[in-house]
Amino acid sequence: EEDEDEEDGEDEEDGEDEEAQEDTSDPSEADDVEGHWESESSSPEDGGVPEASEPSSEEEEMEAEILVSSDTLFSYFSGKSDNHGVTKYVPPQIRKAQETVDDKKREELGRLKKMVNGLINRLSEPNLSSISGQMEELYMANSRKDMNDTLTDILMNACVTAVAMPARLMMEHVLLVSILHHNVGIEVGAHFLEAVVKKFDELCKSDAEGKECENLLALIAHLYNFHVVHCLLIFDILKKLVSTFTEKEIELILFLLKNVGFSLRKDDALALKELITEAQRKASTAEKKFQDQTRVRFMLETMLALRNNDMRKIPGYDPEPVERLRKLQRALVHSSGSGKDTQLRVSLESLLSADQVGRWWIVGSSWSGAPMISDTKSQAQQKLHVGKVSSKIMELARKLRMNTDIRRSIFCVLMTSEDFMDAFEKLLKLGLKDQQEREIVHVILYCCLQEKTFNPFYAFLANKFCGYERRFQVTFQFSIWDKIRGLENLSAAAISNLVSLLAHLIRTKSLPLSVLKVIEFSELDKPKVRFLRQVLSTLLTKADEEELTDVFMRVSDNPKLGMLREGLKLFLTHFLLKHAQAQKSAEEASLLKERVELATKALEAKEPKLKL
């Protein structure tokens, strides 16, 4: 039996040696084997004590691999790593769900692309009505971003080729974009226009020998012909081409003028005249630059024909196809805004730098304000400056509690406008309706009261809106009434600004003097007395005699305003004059007394006499 036990022991040792040799030959299983050996050697059931021996070099390497692999696994599962390229661990079920969503989205985009491509392939003038209707349905059923990207890609692939595309095909494709621009939203035309302009700028900088530039320029020209973009962009492109003035640019100038020259003359004759003068100057200085002067002379003759409105001197000029498609456009556009009020008044520079400075011409377009990475240091500093300004404005909007997208849009327009006319035009182009439109008045009034000192910008802008539509006048009146009722909640600076604004609006007849009827003269408290005294003092001293008579006479013949007239006469004599005699100089008090007498006479001018 002892011999059998010894033999069994030898067999077990031989088996362990073989297993050890196999395990050391395969380093990938070293971790499991080492863990298995440790559990055997430390097991109390064996009753044996492990023999002490010096570790071999193979065992040391194996232990090092175990440590490295364990550290790697820990960092992988915990998401911590010294290497920034290692991403956080995503569980398999979440990863599978994300892949399923991506596959589903890819499939939907592929299906959408097939549908849009089929419609574009069948596009022609007779079926333009049905195809535009189907495209509008696709816009209603799908994401606008997906539709804009898909439509732009398909149109660019169809129209921008190395050979010159037929003019009729280009016009029909652009007319479809124009109809969608007016019926669906201006972001359709804006997205397509930006893609075309950027591609055109990229090809102009490269020495492409094909007809891609002409095709892109034809797209831009027809976007202008069908009232998607303003002539400002066309003149910017022409100025850029004239400044370069090579043979390629001359051909592009001729091509563009042939398509839109007479429309440019109609829209802005002065800008066209300046362009022609600049082209003549460039041609005279670059005579030695060109071996063949015939194209330069032909370009100058074409420009002179445009200036003189002589269509006969432009070969191949035929306005009939564009006019026929314009009539079709007017028939297919649903809203009344098929004219030039929906044109994108955007410059070439704004389009090319849209990624850096945002897309202000699209209502509701969001932009973080962070500048993009630029190659040159000067450009980076300039973009950083623009980003900081925009970030400051957004931060200021947040501090002033502009807590909706509409209020933020109105606020940004007010803060970035050049003057009150620029602000007025931009605010109208926001296209706000009903309750949204009233937010314009609320934001203007709120910003005016938040200024440390009175800013006449808000007064002139309010005056412009009151004169534009009566509904703005009514909204201003109700908003000012709310502020008068809550005078005790306003700061001294806000009350001073409200006084200046109200006096300006009354003096310019934007608001009638009857706006003061909200004040109960029988229940006057100190804030209202002080406010009314400041308003009437400002009005009496800053308005001339004719304006003053007209302002007060407007409330003299209305029987319903009898209480207001009596209250004003009492206030002018009892509160205003006595205070002026006590507080102001003799000269100011004398002037104020004359104006009070004038105002009192105006109030009594058409007052109905009591008959006994």
message = Working to the nearest 0.5 angstrom, can you tell me the gap between N225 CG and H222 NE2?
response = 6.5 Å

Using atom types as modelled, flag every donor-acceptor pair under 3.5 Å from a side chain in residues 412-421 to any protein atom, sequence neighbours excluded.
from : atom 1 : to   : atom 2 : distance (Å)
T416 : OG1    : C412 : O      : 2.6
S417 : OG     : V413 : O      : 2.4
D419 : OD1    : M421 : N      : 3.3
D419 : OD1    : D422 : N      : 2.8

query = Counting distance only, does the side-chain N/O of Y139 pair as donor-acceptor with the main-chain N or O of L180 below 3.5 Å?
reply = no

Closest heavy-atom pair and its distance - G189, V228 = CA-CG1, 4.1 Å

ask   = If you look only at pairs with a residue in residues 156-173, which of them pass as a salt bridge (charged side-chain N to carboxylate O under 4.0 Å, His left out), with sequence neighbours excluded?
value = E125-R168, R168-E172

task = For N142, enumerate each residue passing the side-chain contact (heavy atoms from CB on, under 4.5 Å) test, keeping only those at least two apart in sequence or located in another chain.
result = L112, L138, M147

task = May I ask you to check whether Q435 and R438 show a side-chain donor-acceptor distance below 3.5 Å?
result = yes

inquiry  = Any side-chain to backbone donor/acceptor pair from N215 onto V163? Under 3.5 Å, distance only.
reply    = yes

key: Residue pairs passing the side-chain hydrogen bond (donor to acceptor under 3.5 Å, both in side chains) test where at least one lies in residues 150-163, sequence neighbours excluded   = T152-H191

note = The side-chain contact (heavy atoms from CB on, under 4.5 Å) partner of V197 among L351, V346, L216 is L351

request  = Sort and list the pairs that fulfil salt bridge (charged side-chain N to carboxylate O under 4.0 Å, His left out) and have at least one residue in residues 214-243, not counting sequence neighbours.
outcome  = D201-K240

inquiry  = As a quick check of understanding, evaluate salt bridge (Lys or Arg N to Asp or Glu O under 4.0 Å) for R471 and E437, giving each step before the final call.
reply    = CA-CA 10 Å; R471 61 179 183 271; E437 198 175 54; 2.5 Å; yes

ask   = In terms of side-chain geometry, is the basic nitrogen of E323 or R326 positioned less than 4.0 Å from the acidic oxygen of its partner?
value = yes

query = N127 and S130: side-chain donor and acceptor closer than 3.5 Å?
reply = no

ask   = With respect to L332, which candidate in I179, N183, L175, L176 satisfies the side-chain contact (heavy atoms from CB on, under 4.5 Å) definition?
value = I179

Residues E108, R111: salt bridge by 4.0 Å N-O rule = no

message = Salt bridge check, E251 against K248: does any charged N sit closer than 4.0 Å to a carboxylate O?
response = no

message = Suppose the criterion is salt bridge (charged side-chain N to carboxylate O under 4.0 Å, His left out): which pairs have a residue in residues 138-150, not counting sequence neighbours?
response = K105-D146, R144-E187, K145-D149

message = For F255, is there any backbone N or O sitting under 3.5 Å from a side-chain donor or acceptor partner on N259?
response = yes

